[in-house]
Amino acid sequence: MAAFASAASADELEEARVHALGRKGTLATISKEFGKLTPEERARLGKLLNAVKQELEGEYESKKRRFEQAALADRLSREWLDVTLPAAGIRPGSLHPITRLQEEIEDLFTSLGFAVLDGPEVESEEHNFDALNIPPTHPARDMQDTFWLTNGLLLRTHTSPVQVRGMRKLGPPLRMIAPGRAFRNEEVDASHEHTFYQLEGMMVDRDVSVANLIYFMKTLLSGIFRREVTVRLRPGYFPFVEPGFELDIQCLICGGPGCAVCKFSGWVELLPCGLVHPNVLKLSGIDPEQWGGFAFGLGLTRLAMMRFEIDDIRQMQGGDLRFLKQF
Ligand code: 2NL
């Protein structure tokens with residue numbers, strides 16, 4: 001009892017417990033002598049021994065609790081938290097990969113004297129189709145599954161109507177780009193979305209040629225990919241240009257011999273373009289005898305996927321922070 005009372009630490013207390021109550025302790029040693037006693041002595045001493053043992057254990061337990069409480073109080077005084085401290089600060093956000101690419105291309109074109117134009121996403125049939133040399137009976141209307149609104153308006157299927165508005169408002173000569181969202185009723189899968197981003201551009205001036213078109217397209221592409229690119233032109237049909245081209249770039253992954261990205265052709269189809277169709281100029285009040293232009297339409301979503309190596313288009317508008325935080 002004296003050793004328990006004078007123990008100054010949990011370790012000293014444990015030492016005293018082993019000495020008195022342990023398997024080889026004082027009490028255990030005394031118990032071993034029981035065999036030598038008569039039954040009467042055994043009963044009397046047994047009771048006594050139990051009472052002593054209970055008293056010792058009681059003293060030990062209460063002392064032990066006191067040490068535990070002191071240890072806890074000590075820990076609580078050290079490990080505390082000031083909930084009134086100011087928060088760690090606002091987590092910085094980042095630009096969406098499409099926005100980043102769009103802003104880069106805007107910088108590039110503004111440095112070349114182009115205006116960046118905006119227009120409504122809900123458009124008239126006239127701006128979206130008729131003014132682009134796509135009359136009501138034209139098969140190109142069927143190839144785009146348009147979201148029509150009940151009031152006769154529609155969700156623009158490309159950003160071209162912004163350029164129609166630009167031609168009518170600014171008149172020639174003009175240089176402009178029109179980045180923004182476009183909508184088509186696509187069956188959504190890894191490479192098709194009903195909402196996607198385009199960046200169209202056009203330049204209208206005197207004596208604009210295919211050579212000018214190629215120069216601007218190569219400047220655009222080497223700006224995006226940050227290196228020289230090899231291009232080729234194939235004929236392509238778009239109602240609003242004549243002649244129209246599909247501009248391919250030599251595959252940046254394999255450099256020509258063929259790989260999975262270019263589907264073993266060495267070329268990647270990237271940039272539809274052409275010289276603005278005379279009817280399109282006329283329909284926006286520009287005399288095609290005096291003026292000509294080139295135009296192009298870039299799939300921003302697809303280009304961002306190539307540039308940032310994103311393999312599923314559904315990530316782009318999905319809103320998953322684990323995806324977005326990578327940029
Ligand atoms: C596409 C389409 C192209 C254009 C878009 C254009 C606009 C006007 C006049 C003439 Cl207002 N052309 N835009 C020209 C050629 C191709 O691409 O769906 N691109 C992903």
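These values consider heavy atoms only, across backbone and side chains, with no hydrogens, waters or symmetry-generated copies. Every number for a ligand or one of its atoms is a count from 1 in the order of the listing.
The nearest heavy-atom contact from the protein to atom 8 (C) of ligand 1 is Leu132 CD2, 3.8 Å. Closest to atom 15 (C) of ligand 1, if we only count protein heavy atoms, is Cys273 CA, 3.7 Å. Atom 9 (C) of ligand 1 has its closest protein heavy atom at Met202 CE, 3.8 Å.
Residue contacts with ligand 1, taken as heavy atom pairs separated by less than 4.0 Å, involve Pro272 via backbone and side-chain atoms alike.
One finds no salt bridge joining Arg156 and Glu200 here, because no Lys/Arg side-chain nitrogen approaches an Asp/Glu carboxylate oxygen to under 4.0 Å.
A donor-acceptor pair is defined here as one N or O able to donate and one able to accept, closer than 3.5 Å; such a pair exists between the side chain of Thr301 and the backbone of Tyr197. A side-chain donor-acceptor contact under 3.5 Å links Thr26 to the backbone of His19.
Closest heavy-atom approach to atom 1 (C) of ligand 1 within the set Glu242, His127, Glu200, Gln198: this belongs to Gln198.
Two rings, from Phe114 and Phe296, have their centers 6.0 Å or more apart.
At least one N/O-N/O distance between Gly297 and ligand 1 falls below 3.5 Å.
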For this session: Just do the salt bridge (Lys or Arg N to Asp or Glu O under 4.0 Å) check on Glu14 and Arg17 with the steps written out, would you?
Result: CA-CA 5 Å; Glu14 173 64 7; Arg17 186 195 65 82; 3.0 Å; yes
